[in-house]
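If you're wondering where the values come from, they're calculated on a predicted model, not measured in any experiment. We use all heavy atoms of the structure for the numbers below, so side chains are in, but hydrogens, waters and symmetry mates are not. All residue numbers refer to positions in the sequence shown, counting from 1.
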Amino acid sequence: MADRDGWEKAESLSKIFAAVFIPVVLGIASLLANQALERSKTRDELLKQAIDVVFLSNTDKMAGDAKSFESRRAHRSHWLEIYNSLSDVKLSNEFIAITMEQDTIAEEKNLYWTGNRPSLIPNTESAGVDSTDEDAMGHGWVAVGRLDSQRYSDLNFNVPPQAVERNGTVKPHEIIRARWSVSLRDSTRNLEDRKGYSGSSRGLLWGGACGKVKASLVDARVQTWAFIEIVQCPTTTKSEPALERSAMSGVRSFIR
């Protein structure tokens, strides 16, 4: 008799549990399913926008027509990385380099390489540097990029690992190679977007060109800069494959 009462109580409790908790579990499952569906929709929409910008340029006007060369470049880099993070088929570094070069308008800036160097200028950004010292003079400042980033488009130059200091700067006398055209500036400040201000850009260092680092610093956005002298590139290494160099040669012909 006692056993039957125990079974009846257990059955009653199970019914109460089913009546109360099963709807809760179903509700949570439904909520999670809806959230997953929304994430999938958002992912698909972002991937579609990235494809438009990277391959079709249909929506490049979202930010790609900015006045500043750096703004257009940041816009292109953003969508390249969105595509690579969402797509099953990843873009190669060579393709990224060519795509980053597409917003380079050859007519808007002077183009510099070993065959066309600008005049030397003093380094007025680094503390303790004698601006009258000819050995410390260079052709300008370039944004090297974020050295700690794993994203290819976050770094404008190929930088040898042994060339990086612990504080994020690049060692003096090291040679760095531009992955694509990079603004060459007389200072590290980008003021091209300011109304009525012409900016501090001297022109563009061509993609594939090399610079010898005279000085380096890390700005408030944790981006590394280098004050360089444009020099002849060393022999191609495994870290700087011939394919990348040939790709940049093709880009030069395209924008010339």
Side-chain angles (χ1 to χ4, degrees), residues 69-70 73 77 93-94 96-98 100-101 104 109-126 128-131 133-188 201-219 222-252:
F69 176 77
E70 276 79 5
R73 177 60 56 74
S77 172
N93 291 343
E94 288 78 15
I96 290 175
I98 292 174
M100 289 289 283
E101 197 72 44
T104 303
K109 293 178 181 293
N110 293 320
L111 299 175
Y112 296 119
W113 71 104
T114 52
N116 182 38
R117 296 183 177 98
S119 59
L120 293 170
I121 60 174
N123 173 13
T124 58
E125 296 260 342
S126 300
V129 175
D130 183 1
S131 61
D133 183 1
E134 291 188 4
D135 291 335
M137 297 179 75
H139 292 119
W141 286 91
V142 290
V144 180
R146 301 183 185 280
L147 295 177
D148 59 347
S149 176
Q150 299 301 310
R151 305 192 317 177
Y152 189 72
S153 65
D154 279 347
L155 201 58
N156 295 323
F157 288 82
N158 288 337
V159 182
Q162 70 277 8
V164 181
E165 300 277 18
R166 288 189 175 184
N167 63 359
T169 59
V170 182
K171 296 176 182 178
H173 310 300
E174 293 289 346
I175 306 296
I176 57 178
R177 186 194 301 271
R179 291 178 171 177
W180 38 75
S181 295
V182 182
S183 283
L184 185 69
R185 302 186 162 280
D186 56 31
S187 74
T188 61
S201 176
R202 306 195 74 191
L204 294 176
L205 177 69
W206 244 356
C210 291
K212 181 169 72 173
V213 177
K214 295 297 191 77
S216 181
L217 58 83
V218 178
D219 65 17
V222 199
Q223 177 170 235
T224 299
W225 289 79
F227 185 66
I228 65 167
E229 176 186 357
I230 300 173
V231 297
Q232 189 70 39
C233 290
T235 303
T236 302
T237 66
K238 290 182 180 180
S239 62
E240 298 167 336
L243 180 59
E244 180 175 305
R245 296 183 64 189
S246 63
M248 295 315 304
S249 297
V251 171
R252 290 187 186 138

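The shortest side-chain heavy-atom distance between Val144 and Leu155 falls under the 4.5 Å cut-off. No side-chain heavy atom of Pro118 sits less than 4.5 Å from a side-chain heavy atom of Asn110. Here the side chains of Phe227 and Ile121 are in contact, with some heavy-atom distance below 4.5 Å. Looking at Arg146 and Val222, their side chains come closer than 4.5 Å, going by heavy atoms from C-beta outward. Residues Val159 and Val164 form a side-chain contact, since some pair of their non-hydrogen atoms from C-beta on lies under 4.5 Å apart. No side-chain heavy atom of Leu205 sits under 4.5 Å from any side-chain heavy atom of Ser181. Within the 4.5 Å cutoff, the side chain of Phe157 has no heavy atoms near those of the Val213 side chain.
Ring geometry for Trp180 against Tyr152 counts as perpendicular: the plane angle is over 60°, on a 0 to 90° scale with 30° as the lower cut.
Side-chain atoms of Lys171 come within 3.5 Å of backbone atoms of Gln162 as a donor-acceptor pair (strictly under, hydrogens ignored). Judged by distance alone, the side chain of Arg202 and the main-chain N or O of Trp141 form no donor-acceptor pair under 3.5 Å. Between the side chain of Asn158 and the backbone N or O of Arg177, no donor-acceptor pair lies under 3.5 Å. Here the side chain of Glu125 pairs a donor or acceptor atom with the backbone of Thr188 at under 3.5 angstrom. Side chain of Asn116 to backbone of Leu111: a donor-acceptor contact under 3.5 angstrom is found.
Across every non-hydrogen atom of Ile96 and Ser153, the tightest pair is CG2-CB, 4.2 Å. Closest of all the heavy-atom pairs between Glu174 and Val170 is CB-CG1, 4.2 Å. Shown here for Ile176 and Ala226, the closest heavy-atom pair between the two residues is CD1-CB, 4.3 Å.
Contacts of Glu229 classified as salt bridge (Lys or Arg N to Asp or Glu O under 4.0 Å), with partners at least two apart in sequence or in another chain: Lys214. Lys212 meets the salt bridge (Lys or Arg N to Asp or Glu O under 4.0 Å) test with no other residue; sequence neighbours excluded. Residues that satisfy the salt bridge (Lys or Arg N to Asp or Glu O under 4.0 Å) test with Asp154, not counting sequence neighbours, are Arg151.
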Check against side-chain contact (heavy atoms from CB on, under 4.5 Å), Cys210 and Ile230: CA-CA 6 Å; Cys210 291; Ile230 300 173; over 6 Å; no

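Distance check: Asp148 CG to Thr224 OG1 gives 8.0 Å after rounding to the nearest 0.5 Å. To the nearest 0.5 angstrom, Ile175 atom CD1 is 9.5 Å from Ile228 atom CD1. Between atom CG of residue Asp186 and atom OG1 of residue Thr124 there is a gap of 7.5 Å, rounded to the nearest 0.5 Å. Once rounded to the nearest 0.5 Å, the distance linking CD1 of Ile98 with CZ of Arg179 reads 14.5 Å.
At a cut-off of 3.5 Å, with distance as the only test, no side-chain donor of Ser216 or Thr169 sits close to an acceptor on the other residue.
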